[in-house]
Amino acid sequence: MDEDLIEKRLAGESVFDGKLLHVRRDTVLLPNGHETIREWVKHPGASAVLPVLDDGSVILVRQYRYPVGRVTLEIPAGKLDVPGEDPLECAKRELKEETGYAAERYEKLFSLATTVGFSDEWIHIYLAEGLTAGADCPDEDEFIHTVRMPLAEALEKVSDNTIVDGKTVTALLLYAARRKKGI
């Protein structure tokens, strides 16, 4: 249907291979017959989880994010550690590591293509309910504060631009819309 939009890869090279990210430079053939360069980031994918307590409050994590130079409020998340890792298992691991909570029920909310203009990253986002508190165990390079807040307050923080993380904004808004519909 959209064949007139498809770009065809002609050649490619690795520009940078890091611990997490791999930068590629590809030569592509455009639909009009011209060639151009596409630079993009290969990412292993990730999972995130929106933990919701029985009273409707959500659990978020506060952490410093070096690329944006600020402390953010986010839902717990982390990258898929090995190729083929089950995104649900990753979400469970990240919930436990970052918050100490475990959940009785998980439901996949959606998968989000985070930055389609320059990365192939997909993040799989889950809802976690029936939470039980426990001890967190963040990675040695993670410094995190767990924050509990009513959903309404989290939505206000989206509206006033306090919560700016894309996966978190999307998860909170989708969850609020579902609740409003009684789902």
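Quick note: numbers below take in every heavy atom, side chains included, and nothing from hydrogens, waters or symmetry partners.
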Shared hydrophobic cluster for I144 and V147 (ILVMFWY, side-chain gaps under 4.5 Å):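 No, I144 and V147 fall in different hydrophobic clusters.
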hydrophobic_cluster_shared for L151 and L127, side chain cutoff 4.5 Å: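 Yes, same cluster.
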Non-hydrogen atoms of E98 and A77 that approach each other most closely: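 Looks like OE2-O, 2.8 Å.
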Residue pair P44 / K79: nearest heavy atoms and the distance that separates them: CG-CD, 4.1 Å
E94 side, atom CD; T99 side, atom OG1 - distance, nearest 0.5 Å: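 Separation between the atoms: 10.0 Å.
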Distance, nearest 0.5 Å, that separates CD of E107 from CD1 of I125: 13.0 Å
Residues R25, I37; criterion side-chain contact (heavy atoms from CB on, under 4.5 Å); working and verdict: CA-CA 7 Å; R25 181 182 300 122; I37 301 296; 3.4 Å; yes
Give a yes or no on whether a salt bridge exists between [X] and [Y], defined as a side-chain N under 4.0 angstrom from a carboxylate O.
X	Y	value
D165	R65	no
R24	E39	no
R93	E85	yes

Residue among K42, R9, K8, R38 satisfying salt bridge (Lys or Arg N to Asp or Glu O under 4.0 Å) with D26: R9
Residue pair D120 / W40, side-chain donor-acceptor N/O under 3.5 Å: no
Any donor-acceptor N or O pair under 3.5 Å, side chains E121, T114: yes
Step-by-step side-chain contact (heavy atoms from CB on, under 4.5 Å) determination, Y106 to L95: CA-CA 11 Å; Y106 290 87; L95 178 62; 3.4 Å; yes
Check against side-chain contact (heavy atoms from CB on, under 4.5 Å), V52 and Y175: CA-CA 10 Å; V52 179; Y175 178 69; 3.4 Å; yes
Worked verdict on L73 versus V61 for side-chain contact (heavy atoms from CB on, under 4.5 Å): CA-CA 6 Å; L73 270 172; V61 293; over 6 Å; no
Heavy-atom side-chain contact between I163 and V169 under 4.5 Å: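 Contact flag for I163/V169 side chains = yes.
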Pair H124-S47, side chain to side chain donor-acceptor pair (under 3.5 Å): steps then yes or no: CA-CA 5 Å; H124 308 280; S47 289; 5.6 Å; no
